[in-house]
Amino acid sequence: MKTKHLLPVLASLSFLCYGGMAQDETEQRIHVTGYINAVAEYSDCINLKKDWAVGLSEVGFLANYKPVDKLEFKTTLVYTHFTFHVSQIFVEAYAQYNFSDALKLGAGRFLTPLSPVNLYFYAPLNPSGVVPMLVSHHFLFPQSISGLHLHGNLGSGGSLKFGYNFTLGTYPYINHFESGVLSIQAQEDSYPSFGFYDTENDKINKYMCGTARVYATLNNAFTLGANYFKADAQQVTQNNQGDFIYYPSTKYTYGFDAHLQVSNLKLNAEYWAGKQETTPKTDAILGEHIVNEYKAYYGELIWDGDVYKPFLRYDFIEDVNVNKVGLPTTAATLGIAIRPRFETLLKLEYKRVFGRQITDIANRLWKDYDYNYAQMSLVVSF
């Protein structure tokens, strides 16, 4: 990203921090946190430009301001190694009025509330340096949505609680947006066949979308959620010159998530599926109806200790189809997060990826292709 775009963001953030310390009354209403995440990555996957790298993966700042008890302003800025436009930095920027615990109304840009993991992807909050593929690929649902957000919690006085989230707005169509420093994260399925795909070269359109989530929690230990995402989208084709052409389409996804915590033991699982297809207008232009179905799931087990947080994860995604050849990809991950003090977090993890490599696109030939990935992450926060 160009420096001239980053400087105003940092200047605004510095002013916010200064303003928060200028007066005692204001200081009590403003809360600012942040973190820096540096990583070292290694992979023996084919088509990598280099098999290891060390660098700055992420810088994040989170600011809350409450001028009155029921009104809240929140801004979350996250700069990543592959940020190419200033708008991507603002993953959250909204105002919210809390009528009650059961009714909260917000306007602005929100993290998409469908998967709980998407709401706490920030490096200090996760034992893993790499979130499940169904979240990182952003194909089943986007990271953020700009518009209106309605949510709340019901039954706060008993053992059984309910909650809901509804959003309506627009989202940027960015799929497989790479992260880390090797660029392989979020492109685990396509890398063996095609190598690095630079999403900056893609045409990023904004489309209308809507989401719905309802969930129930029992005894603050078990949560079950149901989710739905419906949106306009784009179908990408290539002409004889290799140029990308974008056509209107529609997409929907649905998912279920379950979370159980017993003492220090946490179990998280999600299943998602959906479909993207061209519109009648596009069908008339192309002379065919294009349908892409996709699905993904993961399950993870975490021991949530005070200092040590080891975890196991198994996840799967199938969201890429090239000339009717799918690229289903599975990953098995073993890792640990070590937090000797609150502000410092060290993460170590190893992942074995089981995927496909297309050997002949025209004849739809492929073979199994497995590879290794390892990461060390150091997160310093305040």
Side-chain angles (χ1 to χ4, degrees), residues 1 3-38 56-81 83 85-113 116-126 131 142-153 156 163 165-167 169-172 337 339-345 377-382:
M1 190 187 76
T3 305
K4 68 178 182 179
H5 289 152
L6 184 58
L7 290 178
V9 175
L10 296 179
S12 299
L13 191 63
S14 300
F15 176 78
L16 177 62
C17 294
Y18 174 79
M21 295 182 289
Q23 300 179 3
D24 291 341
E25 181 180 356
T26 305
E27 185 178 2
Q28 295 174 2
R29 295 177 178 176
I30 290 181
H31 182 60
V32 179
T33 62
Y35 66 90
I36 295 176
N37 180 24
L56 178 66
S57 176
E58 226 174 73
V59 179
F61 291 94
L62 298 82
N64 287 74
Y65 172 53
K66 296 187 69 173
V68 295
D69 288 340
K70 291 184 176 295
L71 181 62
E72 175 187 7
F73 294 87
K74 182 177 181 179
T75 301
T76 304
L77 299 87
V78 179
Y79 172 79
T80 72
H81 183 69
T83 296
H85 192 275
V86 67
S87 65
Q88 292 174 268
I89 294 178
F90 289 88
V91 297
E92 287 185 295
Y94 65 83
Q96 176 175 279
Y97 191 84
N98 303 326
F99 294 93
S100 66
D101 289 340
L103 181 60
K104 301 177 181 181
L105 177 64
R109 173 173 286 192
F110 310 89
L111 284 171
T112 305
V117 179
N118 194 57
L119 300 180
Y120 58 83
F121 75 96
Y122 310 115
L125 302 182
N126 262 308
V131 297
Q143 183 180 58
S144 301
I145 295 174
S146 300
L148 299 176
H149 186 203
L150 184 68
H151 66 110
N153 298 298
S156 59
N165 281 284
F166 300 105
T167 59
T170 59
Y171 75 104
R339 193 189 293 270
R341 53 183 298 172
F342 179 78
E343 297 85 1
T344 305
L345 181 62
S377 170
L378 178 61
V379 185
V380 180
S381 57
F382 65 87

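Computed from a prediction, not measured in an experiment: that's the story for all the values here.
- Looking at residues two or more places apart in sequence or on another chain, you find no side-chain hydrogen bond (donor to acceptor under 3.5 Å, both in side chains) involving Gln143.
- At a threshold of 4.5 Å between non-hydrogen side-chain atoms, the residues Ile36 and Leu378 do not count as touching.
- With sequence neighbours excluded, the residues satisfying side-chain hydrogen bond (donor to acceptor under 3.5 Å, both in side chains) with Ser377 are Asn37.
- Rounding to the nearest 0.5 angstrom, the gap separating the NZ atom in Lys70 from the NZ atom in Lys104 is 10.0 Å.
- Taking Glu72 as the reference, nothing meets the salt bridge (charged side-chain N to carboxylate O under 4.0 Å, His left out) condition, with sequence neighbours excluded.
- Contact between Ala107 and Leu148 at its shortest, heavy atoms only, is CB-CD2, 4.0 Å.
- Atoms CG and CG, from Leu103 and Asn153 in turn, are 11.5 Å apart once rounded to the nearest 0.5 Å.
- By the ring-ring contact (aromatic ring centres under 6.0 Å, His included) test, Phe166 is found to be paired with Tyr164, residues two or more places apart in sequence or in another chain being considered.
- For the 3.5 Å distance criterion, the side chains of Glu58 and Tyr122 fail to qualify, holding no donor opposite an acceptor.
- For the side-chain hydrogen bond (donor to acceptor under 3.5 Å, both in side chains) test, residues two or more places apart in sequence or in another chain that qualify with Ser146 are Arg109.
- Atom CG of residue Asn126 and atom OH of residue Tyr120 lie 6.5 Å apart, to the nearest 0.5 angstrom.
- The side-chain hydrogen bond (donor to acceptor under 3.5 Å, both in side chains) check on His81 picks up nothing, with sequence neighbours excluded.
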(message) Determine whether Thr80 and Val78 satisfy the following criterion, side chain to side chain contact (heavy atoms under 4.5 Å, CB included), listing intermediate values before the conclusion.
(response) CA-CA 6 Å; Thr80 72; Val78 179; 4.0 Å; yes
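- At a threshold of 4.5 Å between non-hydrogen side-chain atoms, the residues Phe382 and Glu343 do not count as touching.
- Expressed to the nearest 0.5 Å, how far CD of Gln96 lies from CZ of Phe73 amounts to 11.0 Å.
- Side-chain atoms of Pro113 and Thr167, non-hydrogen and from C-beta on, do get closer than 4.5 Å to each other.
- Taking the six-membered ring where the residue is Trp, His149 and His151 present parallel rings, their angle staying beneath 30° rather than reaching 60°.
- Considering all non-hydrogen atoms of both residues, Pro142 and Thr112 come closest at O-OG1, 2.7 Å.
- Formation of a donor-acceptor pair under 3.5 Å by the Ser144 side chain with backbone atoms of Val91 is found in this model.
- Taking CD1 of Ile145 as the reference point, atom CD of Glu92 lies at 12.0 Å (rounded to 0.5 Å).
- To the nearest 0.5 Å, atoms CG (Asn118) and CZ (Phe110) are separated by 14.0 Å.
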(request) Decide yes or no on side chain to side chain contact (heavy atoms under 4.5 Å, CB included) for Leu77 and Val59, but give the supporting numbers first. (result) CA-CA 8 Å; Leu77 299 87; Val59 179; over 6 Å; no
(request) Show your working on side chain to side chain contact (heavy atoms under 4.5 Å, CB included) between Leu345 and Tyr35 and close with a plain yes or no. (result) CA-CA 10 Å; Leu345 181 62; Tyr35 66 90; over 6 Å; no
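- A donor-acceptor pair is defined here as one N or O able to donate and one able to accept, closer than 3.5 Å; no such pair exists between the side chain of Thr75 and the backbone of Ala63.
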